[in-house]
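We name chains A, B, ... by the order of the sequence lines, and we start the count at 1 in each one. Computed from heavy atoms alone, side chains included, the values below leave out hydrogens, waters and symmetry copies.
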Amino acid sequence: MRQLLWLIPALPLAGFVILALAGRAMPRRAVAAVAVLALGLACALAVGVGVEFVAQGSATQWTSPADGQSPVPAYAWRQSLWQWVGVDGFKSDVVLRLDSLSLVFVLVITFVGAMIVLYSTGFMWGDDGYSRFFAYMNLFVAMMLTLVLAGDLLLLYLGWEGVGLCSFLLIGFWYKDPANARAARKAFIVTRLGDTAFAIGLFLLFTRLGTLDVQEVLSRAAAQWPAGSTLATAAALLLLGGAIGKSAQLPLQTWLPDAMAGPTPVSALIHAATMVTAGVYLIARMHVLYRLAPQVQLLVGIIGGATLVYAGLSALTQTDLKRALAYSTISQIGYMFLALGVGAWSAGIFHFVTHAFFKSLLFLAAGVIIQRLHEEHDIFRMGGLLRRMPLVFWTFLAGAASLAALPLVTAGYYSKDLILSEAWSSNKLLWSAGVLGAFITALYSFRLVGVIFFGQEKTAPRGRTPAVMALPLVVLAVLAVAAGFINVPPLLGGWPGLTRLLEWTLPSAGIHHDVAAEIGSSLAVALTTLAGVAVAWLVYVRKPAWSEAIVRPGLRRLVWRWWNAGWGFDWLYDRLFVRPFVGLARLNRDDFIDSFFDSVAWTSRQTHRALSLTQNGQLRWYAMVMALGAILALGVAIFI
Amino acid sequence: MSWNWTMADAQALLPLMVVSAAAVVVLLVLACCRRAGVAGILPAGETPATRIGAVLTVIALAAALALLPVAGAAAPRSVTFLVIVDGYGLFFAGLLLSACIAVALLGHSYFRQETSAGGEFYVLLLLAAAGAMTLVFSRHFASFFLGLEILSVSLYALAAYNRASLAGLEAGVKYLVLAASSASFLLLGMAFVYAKTGTMDLGRLAQLLNAAPQPALVTVGLLLIMVGVGFKLALVPFHLWTADVYQGAPAAVTAFIATVSKGAMFALLMRYLVGVNFTLQYPLLAVLTAVAVGSMFVGNLLALRQENVKRLLAYSSIAQLGYLLVTLLAAGPGGRELAIRAAGGFLAAYFIATLGAFGVVSLLSSPQREAESFDDYRGLAWRHPVLAGVLAAMLLSLAGIPLTVGFIGKFYVLAAGVNANLAALVAAMVINSGIGLYYYLRLAIALFTPSRAEPPPRVAIHPAGAAVLAVLTVLLVAVGVYPQPLLRLLAAVVAL
Amino acid sequence: MASISVESGLILSAVLFGLGLIGVLARRNILFILLSIEIMLNAAGLAFVVAGSAWQDESPTVAASAAATEPTTSVGGYKESTVPQADGQVMFFFVLTMAAAEVSVGLALVLRMHSQAGSLDADALSRMRG
Amino acid sequence: MILIWFILIPAAAGLLAWPVGRKSPLAARWLCLAAMVATLALGGWLWAATPDHDAAQGHWLAQFRAPWIPQWGAQINLRLDGLSLLLVLLTGLLGVMAVLCSWSEIHDRVGLFHLNLMWMLAGLMGVFLALDLFLFYFFFELMLVPLYFLIAIWGHEHRRYAAVKFFIFTQVSGLFMLAGILALYFIHGRQHGGDYTFDYVRLLGTSMSPTSAWLIMGTFFLAFAVKLPAVPVHTWLPDAHTEAPTAGSVILAGVLLKVGAYGLLRFLVPLFPAAARDFAPAAQVLGVAGILYGAIMAFAQRDLKRLVAYSSISHMGFVLLGVFSWNSLAMAGAMVVILAHGVSTGALFILAGQVQERTGTRDLDRLGGLWETAPRMGGVAMLFALASLGLPGLGNFIGEFLVLAGTFQASPVLTVVAAGGMVASAIYALWLVQRIFHGPNRESWRLGDLNAREGLMYAALVAAIVWIGLYPRAFLDTFKPAGQWLREMSGTGVGGSTGVPPVEVRSLLGTKPSVNTGETPVLPGNSEGRP
């Protein structure tokens, strides 16, 4: 199995190549078969590899150092494919590296990817670009797998940019609408800003450490850089720049809501489950650096905390179902960042796993709703769908509950609780942000549930949900609820399997477990969540009039609109960066430098004209000039 | 003065004598022919007379050319105190004679249907050639003046040769008045120099002037001489006549003025200034530098958007002579040989390209109609593809593009300039090459663009002219690709 | 002759030359222009005569001293000599001859001008320009 | 002997194509195609035959010598090392593309067109092979003329203006360089007892005063900066590109600009190591300015070809930066940029040509929605736009990454500024594709998608760019010995002395310096480094 590691990204890539070259000539069923098969096989392979990896790991009794002080993980599979770049003093291989962190990501990506592609075979059935869609999706999965399996930062960067590209392609999938194109461009360019910082970080790492191999970078950094050193800080900051761009954290979050212009499965896979969490992956992957730069690690936490509140409030005010989910994604990734920031490494990854399930589920369900309601995105024009779409209701409810972290019965609860309980012992302020966020999350989750499924029916749904779309919904709903049980805290009598697995790679959260504090934190989270659900229930289901009242004209409405517009970041960036850039570029369209050369030409022409006047054909003038020339020469000779 | 005529002197002077004698012979033959035919063998009349004149002229010029190596066997040799026959002079004489042959053939093509043209063209041409050869061999003010005037007076007549043409008349009058005025400047200058130094012999003058600081009167005299020379070379500010005369004169004559007349005068100038190791003193140096730079800029800028091809070539020749002056200024102690060879190489290239360009003009023209406006050349590639190609090649050569001899010439001059550390002049030359490119290419590309106006009728191409152009084009490319023979020749014979 | 210095002679010729030049520049009639050119040429001739008369009795002193170091141009049959010379006067004859030739061609052109252009105004001959 | 064929084959094909083209245009096309394929194959054979390098063998792979102008110390001296070989291959590849992309575009005077095209390619081959400075300059100027005619005769609306502008810019700067070459020639000749020579290898290590070194280096830099082009002497490029026929644009962008880069690498740095080193910071700044300025200008353009032209300026900024960052990493990066940019921009120009051929316009405001009817074309456009913005996995990324990584060692601040180009390039590249292929189809264009010929061309180019992107080692290894040698030449300190002492170099060539005859002896005939 170990030798087949390369096949995991190669299978979707092969799917892409087949579809890109021949897809337009293939019947739709064949296209669907290729796409699903490629991902399905990859998923199966990943499971097989994973089982062997874990088995082997357990057999060697490999355990994380208890103190978490020996920072560089050792248990990993490497598969070197070929030397990519080899210049004097710079070597970079195409090398795959499987450790427990990447294993978790690979499993989630292939599984969720397969589910979503299966769903898409139904969802996209009527679309013109059927094969193109699946080609892109397969390419995306291939790139995402490259990203997480890369054993070299340059290869990681390839995957990193590759997923960005696929995101761009899929956001602008319906290319005829300029708005989609704009959203796609925005997504690419904003993330590219972060990527550039990332790239500079790579230059720094390479220049200082002489390698980009993940393992080597981590061990050399640990060996050469003292904690808190400037270089480590700079490197960590630059990589963080890449991470916040990709993961849509403050202040580079503005692209994600617009990215909802793409087909809904794309939003589910790329802009919820996988790609946007690449930033989390990167920071976790480079955790040694962040431990060497504690200020930056704190910054990660602060960004996460700020983002989760910011995005939660924005999500609360959205009327577009997908935008609401997008802000919710930003907010949930904020939780992951917060987790990384407070050193709850595995908790963050755990939240990634549960989030992947429940958020993709929510998007897929939203896709069904939107499609069956004639492309209606406005939640206030939905309503009363409980009876018309029971399957969708129950699955959506499962997702929303998990998102809201309904205590004990949902996966989201376990991950969020783990994050916050570790945050409690690390940073109270961040903890309170998290708790506040939990309240908001519960509020907006159940706002959605209430507005969409209860109340009056405003738009009549059409058709039925096909089985290929229903199946992923059900599977993901089960996981959204049950996935938490892979990592039940010992406090609740469970066995934290995922945490143990991740601790093969990531440092454990530390030993300062304070049971009382943990219980307190858990209780607080549970209660705020329940309170949030209750308020949502009250306002949006029992007393819909209240919801109107909240947004009455006045200051509150202003605030409401401000949050609705994502706190004006778009407006600000537009004025600060976009318009000056575009304006300057347009202003100088004809290249002012050229005017210098044009003026030389102009001067020549004018001189030509003036000189031509001297050629007036007058004999006596000619003689005069000759005489003057002679006199001038004499004058020069005699007087100078 | 003790001086004995020897066979060696005769041998050295043979080419010059052949040309001079030919002028007389052709004159007589023409007169006889026109009256009676040649002893009844040929019918009397204008056309055969012209043809005989042409044949005789070409034969005489070719003979003189062939005799150059014979004369070279006796070189270097001073024949009387007036004339020196040396490798330098012989090289330029060869250039001049070759150019004269080309001009004779081009003239023959040009006057083909013109019965009234008579054969005097060839007499005047031979006379002018004799004058020009005298100039390149001159080593004394007297021979200088004589050669110059023989050349000039013939040219007045040649310029106004088209009897029906008002433009020809205008060209002749302008040339006469201005040339005569400039000649009087020159004479006055000679007189001043002579008054101060008591000699008109080149070698002696050089010794005198190098020995002592230059007296003011001599400086004035030299500068006045430079007026006359500058006029002949059409250097700024004595250049105003150029365009008008080039335009008004028949194309073949224009080719002669542009090449032979200027080449001879430059050869003389170089001999006088460089050949005798005469160190250029500051005033003259400054004036010459200013003249060189001015000629480049003024010539090129005047040509910039010129719509008359003959005028354009006239202005371009002003600039070309400006480049050539760089060699003169570069002929300091360290770079003398290089500069002289560069001048020879550049002039050879200039001769080929200029003769070729005016040759095309001449082939397209007739005494009734000069093909001189841009419209005559637009779309030439369709009417006369070969002629268009030849003209384009000539223009590229004038612009100094590789694969043509012009590149070799320009390279040589640039090398001389760089060798002598003449940074400013080199920079001026480079910039002017850019300006020059504009109009050369402008004309070249016009050949390949469809004409807007009614295209002029296709003219028949005379074989003599076509042969000249063929030879010139072959030379242009051959020397451009493999300049070694030319360089060897220059190295072997051209030294002062 | 001895009473007239070389300098005065040269100045006279320069003044004459200037007069001729002014004539060329100021007169419009082509005949007068030709006349003025004659004056210029003759002024130069005068200068030659003046210079020749100054040098007719003596050889240039500097040249004599320099002649000791064999001049490079002295190749072939020509031998340097320092006998009294008449070069200036000879030049004057050349000038005369040449002026005559020039005038003959000039007058021919004047005739053509008269018949073709119908005027002797030099300024009328300005068809070609630019 | 093999080297001369790189020049002779295209030149001969061009000469033949002219008369043939009058009878049958198609025959002329096939003739030139065959010639270019043969040339490319020759290059490929040479490449494949390249053994693994070892230090003893030196980095020259092949050479050809013949006497030419002994009088001036100029000879036909062709040499090939990894640097030249890669550029020759690029020229061959794009030469084939240029012939193919003219197939349906040029109908007018086909023979003459191919004469010019082939001669330009021959000239370019000569430039990349000549290691005699005179010969180099000869080719350097020679190739301008055919391109001038290509633009001026077969170009678009403002062709005359563009052609003249292009010619004057390059010619004037080139002549300054010629003056510089001559100065170097004389300095060397005087220093070495009259050994006047244009031989590159012998001129290496000519010592000169700092002032003269600066001046001469300045003339070289000017010429190559114009060719490259570097801001602020770049303004000829957008005009020339826009007006040129497709084949002209392809060669211009793909190969001709590389002459500037090649010149910097081959001549400027090794000949004037000390001066170039002092100058490096300024050149780096110019490079960065070019990267950003080109990218911003590209975004502002309405004309498709202008946009691509400005993107070229941006990319060549990376080359300038790479060369003057003064380490092997950046230099190797510059080499990869040279290759990758040649392929990607060549492809974009072919694409622009096809768009114009099919729609009759290059105006981005009028284009749009072409994906509908020409998805394959759109896919190709997307791929090369992505290459242009430096997507990893495609060639340009490797080059730009290496350049920036190298620059980071020299100047982190400049790197950060230059990295802004990564963002700006994303802006214009995406903009390009979206303007043409996405959005509403305003003018209801209905284009035919790629035909077999076009598909084949793109297949080759795509293969090339992916190859460079995923397995650049093939190219880097070829370049490595040459790069090391260049580094050695430029590496040593002040005074211009080089790693290899001049005496050794001369003995290597088997000649002794001639003394003061003004005429260098003809060097012994055709000696070849390798069979």
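- Between A:Phe596 and D:Thr235, every side-chain heavy-atom pair lies at or beyond the 4.5 Å cut-off.
- Heavy atoms of D:Met382 lying under 4.5 Å from chain A belong exclusively to its side chain.
- For D:Glu372, the parts sitting under 4.5 Å from any heavy atom of chain A are the backbone and the side chain alike.
- Using a 4.5 Å cut-off between heavy atoms, D:Trp236 makes no contact with chain A at all.
- By the 4.0 Å N-to-carboxylate-O rule, A:Asp590 lies too far from D:Arg306 to be salt-bridged with it.
- Atom CZ of A:Arg589 and atom CG of D:Asp303 lie 10.5 Å apart (nearest 0.5 Å).
- When each of A:Leu165, A:Asp177, A:Asn180 is checked for heavy-atom pairs under 4.5 Å with chain D, A:Leu165 comes out on top.
- Here the side chain of A:Trp84 pairs a donor or acceptor atom with the backbone of D:Gly469 at under 3.5 angstrom.
- With values rounded to the nearest 0.5 angstrom, A:Tyr175 atom OH is found 9.5 Å from D:Leu370 atom CG.
- Interatomic distance, A:Phe188 CZ to D:Leu430 CG, rounded to the nearest 0.5 Å: 5.5 Å.
- Ring to ring, A:Phe206 and D:Phe408 are not that close: their centroids are 6.0 angstrom or more apart.
- Looking at D:Pro375, only its side chain comes within 4.5 Å of chain A, counting heavy atoms on both sides.
- Heavy-atom pairs under 4.5 Å with chain D were tallied for A:Ile189, A:Thr207, A:Asp591, A:Ile200; the largest tally goes to A:Asp591.
- In this structure, D:Trp371 CH2 and A:Lys176 NZ are separated by 12.5 Å, a value rounded to the nearest 0.5 Å.
- For the pair A:Val87 and D:Phe479, the minimum side-chain heavy-atom distance is 4.5 Å or more.
- The two residues D:Pro472 and A:Val85 make their nearest non-hydrogen contact at CG-CG2, 4.2 Å.
- Ranked by heavy-atom pairs under 4.5 Å with chain A, the first of D:Gln409, D:Met331, D:Lys165, D:Arg302 is D:Arg302.
- Interatomic distance, D:Leu404 CG to A:Phe203 CZ, rounded to the nearest 0.5 Å: 4.0 Å.
- With a threshold of 4.5 angstrom between heavy atoms, D:Tyr161 approaches chain A through side-chain atoms but not through N, CA, C or O.
- Contact tally against chain D (heavy-atom pairs below 4.5 Å) for A:Leu204, A:Asp128, A:Val94, A:Asp195: the top residue is A:Leu204.
- Only the side chain of A:Phe168 comes within contact range of chain D, with at least one heavy atom under 4.5 Å from a heavy atom of that chain.
- Residue A:Trp82 touches chain D through its side chain alone, counting heavy-atom pairs closer than 4.5 Å.
- In this structure a side-chain-to-backbone donor-acceptor pair under 3.5 Å is missing from A:Gln83 to D:Arg473.
- Of the residues considered (D:Val416, D:Thr415, D:Thr407), D:Val416 shows the highest number of contacts with chain A, using heavy-atom pairs under 4.5 Å.
- Between the A:Arg192 side chain and the D:Met422 main chain, a donor and an acceptor come within less than 3.5 Å of each other.
- Heavy atoms of D:Asp239 lying under 4.5 Å from chain A belong exclusively to its side chain.
- Of the listed residues D:Ile168, D:Leu389, D:Leu386, the one with more heavy-atom pairs under 4.5 angstrom with chain A than any other is D:Leu389.
- Per-residue heavy-atom pair counts under 4.5 Å with chain A were compared for D:Gly333, D:Ala300, D:Pro232, and the maximum is reached by D:Ala300.
- Interface remark: D:Val336 contributes no atoms to any contact with chain A (heavy atom separation under 4.5 Å).
- For chain D, no part of A:Leu81 is nearby; none of its heavy atoms comes within less than 4.5 Å.
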Donor-acceptor list for residues 151-158 of chain A side chains, cut-off 3.5 Å, not counting sequence neighbours:
{"unit_1": "A:Asp152", "atom_1": "OD1", "unit_2": "A:Ser92", "atom_2": "OG", "d": "2.9"}
{"unit_1": "A:Asp152", "atom_1": "OD1", "unit_2": "A:Leu154", "atom_2": "N", "d": "2.9"}

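- Only the side chain of D:Ile398 comes within contact range of chain A, judged by heavy atoms closer than 4.5 Å.
- For the set D:Phe169, D:Trp431, D:Phe397, D:Phe401, the count of heavy-atom pairs under 4.5 angstrom toward chain A peaks at D:Phe401.
- When each of A:Leu193, A:Leu169, A:Asn588 is checked for heavy-atom pairs under 4.5 Å with chain D, A:Asn588 comes out on top.
- Only the backbone of D:Phe437 comes within less than 4.5 Å of a heavy atom in chain A; its side chain stays farther off.
- In this structure, A:Phe90 CZ and D:Leu329 CG are separated by 6.5 Å, a value rounded to the nearest 0.5 Å.
- The contact list for residues 580-587 of chain A toward chain D, using heavy atoms and a distance under 4.5 Å, reads A:Phe581, A:Val582, A:Ala585, A:Arg586 by residue number.
- Proximity to chain D (any heavy atom under 4.5 Å) is shown, for A:Arg208, by neither the backbone nor the side chain.
- Checked by atom type and distance alone, the side chain of D:Gln434 pairs as donor or acceptor with a backbone atom of A:Ala181 at under 3.5 Å.
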